[in-house]
Structure formats: C-alpha cells, structure tokens
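Positions are given from 1, in the same order as the sequence printed here.
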Amino acid sequence: MIAFVRNARLWFAPEQVRKEGSTPDYRFSLANERTFLAWLRTALALIGGGFAVDQFLPDLRWGWRVGLALALLAAGVLCALRAVNHWMRCERAMRRGEDLPASRFPALLSVVVALVAVAMVVVVLLGWAG
C-alpha cells in the first residue's frame with residue numbers, strides 16, 4: 001500500500017520519473033501508453049455497464065440492481081486507478097532496465113467481471129422482478 005501511495009505522487013509528476021535511469025526506446029514507452037489507454041477503455045466500459053444496469057433494468061429487484069451496478073462501477077474505478085499505477089511502474093522499470101512488474105490485477109478483474117456476468121445470466125434466466 002505504501003508503494004501505491006508513493007507511486008500515486010508520481011502520477012502527477014512525470015518529470016520525476018524522467019530523472020531515473022535512461023530513456024528507453026520510444027516504441028516501448030508508446031506501447032506502455034497504448035496499454036494504459038486500453039485499460040482506461042476497459043474502465044470506461046465497466047463504468048458504462050454499471051450505469052446501464054442501474055438505468056435500464058428498473059424491474060430488477062433493488063438489491064440485485066444496485067449490487068450489480070456497484071460491482072461494475074467499483075471495478076471500473078479500480079481499473080482506472082490500476083491503469084495509471086501500472087503505467088507508472090512499467091515506465092520506471094523500463095528506465096531502470098528492470099523486469100516489467102508482474103500484476104495479479106488482470107486475474108482479479110476477470111474474476112469480478114465473470115461473477116457479475118454469471119449473476120446477470122441468473123437474473124435474465126430467472127427473470128427476477130422487483
């Protein structure tokens with residue numbers, strides 16, 4: 001958690017990252033940025049899905065609707081925060097000549113999305129109404 005907070009300060013001070021190590025091949029930095037943007041698109045899709053569940057499933061029981069919507073919204077928020085944190089960690093590792101950081105977040109996000117999808121399948125098949 002302490003490393004996350006330390007990295008969060010660097011999100012808004014990219015000039016500090018440039019002081020570390022040497023400049024990597026720009027293609028690697030651009031690939032890192034494209035990965036960051038892909039994670040942001042995923043975050044936006046999850047947030048949009050959360051709003052869609054809340055707005056377009058009014059007949060669903062309140063608890064189910066709010067639970068599914070909040071799960072998607074929370075996953076979107078975590079995905080956006082993790083995207084910038086991972087981008088920063090990768091950029092620092094490339095500048096230092098270190099291995100790129102490993103992450104369990106993709107697996108965690110996949111499990112959350114799969115659980116929400118299974119819950120949605122159950123809701124659709126059983127047609128639970130409020």
Side-chain angles (χ1 to χ4, degrees):
M1 185 60 151
I2 294 171
F4 182 83
V5 173
R6 187 185 62 223
N7 285 338
R9 285 187 274 161
L10 293 175
W11 300 351
F12 303 102
E15 66 278 357
Q16 294 297 319
V17 175
R18 289 186 157 201
K19 291 179 183 177
E20 295 185 36
S22 61
T23 303
D25 185 336
Y26 72 91
R27 294 173 291 181
F28 298 126
S29 290
L30 292 174
N32 190 28
E33 187 173 329
R34 284 191 302 272
T35 303
F36 166 72
L37 293 172
W39 279 102
L40 281 185
R41 285 190 301 271
T42 301
L44 288 171
L46 290 165
I47 291 167
F51 280 117
V53 166
D54 184 53
Q55 294 299 307
F56 299 118
L57 296 175
D59 295 334
L60 190 60
R61 285 186 190 166
W62 182 85
W64 276 95
R65 190 178 80 230
V66 170
L68 292 172
L70 287 178
L72 289 169
L73 290 168
V77 168
L78 289 174
C79 190
L81 292 174
R82 185 65 178 121
V84 69
N85 190 53
H86 190 70
W87 172 80
M88 180 61 60
R89 290 173 58 217
C90 287
E91 195 65 31
R92 289 177 79 195
M94 287 188 297
R95 296 188 71 79
R96 294 174 175 173
E98 299 172 352
D99 289 340
L100 294 180
S103 176
R104 291 184 197 101
F105 185 74
L108 175 66
L109 183 63
S110 296
V111 168
V112 169
V113 171
L115 290 174
V116 170
V118 167
M120 291 299 297
V121 167
V122 169
V123 167
V124 168
L125 289 177
L126 299 178
W128 288 344

Applying the side-chain contact (heavy atoms from CB on, under 4.5 Å) test to Val53, which of Val123, Leu72, Leu73 qualifies?
-> Leu72

Any idea which heavy atoms bring Phe56 and Pro58 closest together, and the distance?
-> C-CD, 3.2 Å

Looking only at heavy atoms, the pair that brings Val17 and Arg95 closest together is O-NE, 3.1 Å

Output the distance between atom [atom1] ([X]) and atom [atom2] ([Y]), rounded to the nearest 0.5 Å.
X     : Y     : atom1 : atom2 : value
Cys90 : Glu98 : SG    : CD    : 11.0 Å
Met94 : Thr23 : CE    : OG1   : 11.0 Å
Asn85 : Phe36 : CG    : CZ    : 11.0 Å
Leu68 : Leu57 : CG    : CG    : 8.5 Å

Cut-off 3.5 Å, no hydrogens considered: what does the side-chain donor-acceptor table look like for residues 99-120, sequence neighbours left out?
unit_1: Ser103; atom_1: OG; unit_2: Arg82; atom_2: NH2; d: 2.8
unit_1: Ser103; atom_1: OG; unit_2: Phe105; atom_2: N; d: 3.1
unit_1: Ser110; atom_1: OG; unit_2: Pro106; atom_2: O; d: 2.8

Only counting residues at least two apart or in another chain, list the ones meeting side-chain hydrogen bond (donor to acceptor under 3.5 Å, both in side chains) with Glu20.
-> Arg92, Arg96

Determine all donor-acceptor pairs shorter than 3.5 Å in which one atom belongs to a side chain in residues 28-35; sequence neighbours excluded.
unit_1: Ser29; atom_1: OG; unit_2: Glu91; atom_2: OE2; d: 2.9
unit_1: Asn32; atom_1: ND2; unit_2: Trp87; atom_2: O; d: 3.1
unit_1: Asn32; atom_1: ND2; unit_2: Glu91; atom_2: OE1; d: 3.2
unit_1: Thr35; atom_1: OG1; unit_2: Ala31; atom_2: O; d: 3.0

Would Leu40 and Val77 show up in the same hydrophobic cluster when neighbours are defined by side-chain heavy atoms closer than 4.5 Å?
-> yes

Do Leu44 and Val84 share a hydrophobic cluster (ILVMFWY, side-chain heavy atoms under 4.5 Å, transitive)?
-> no

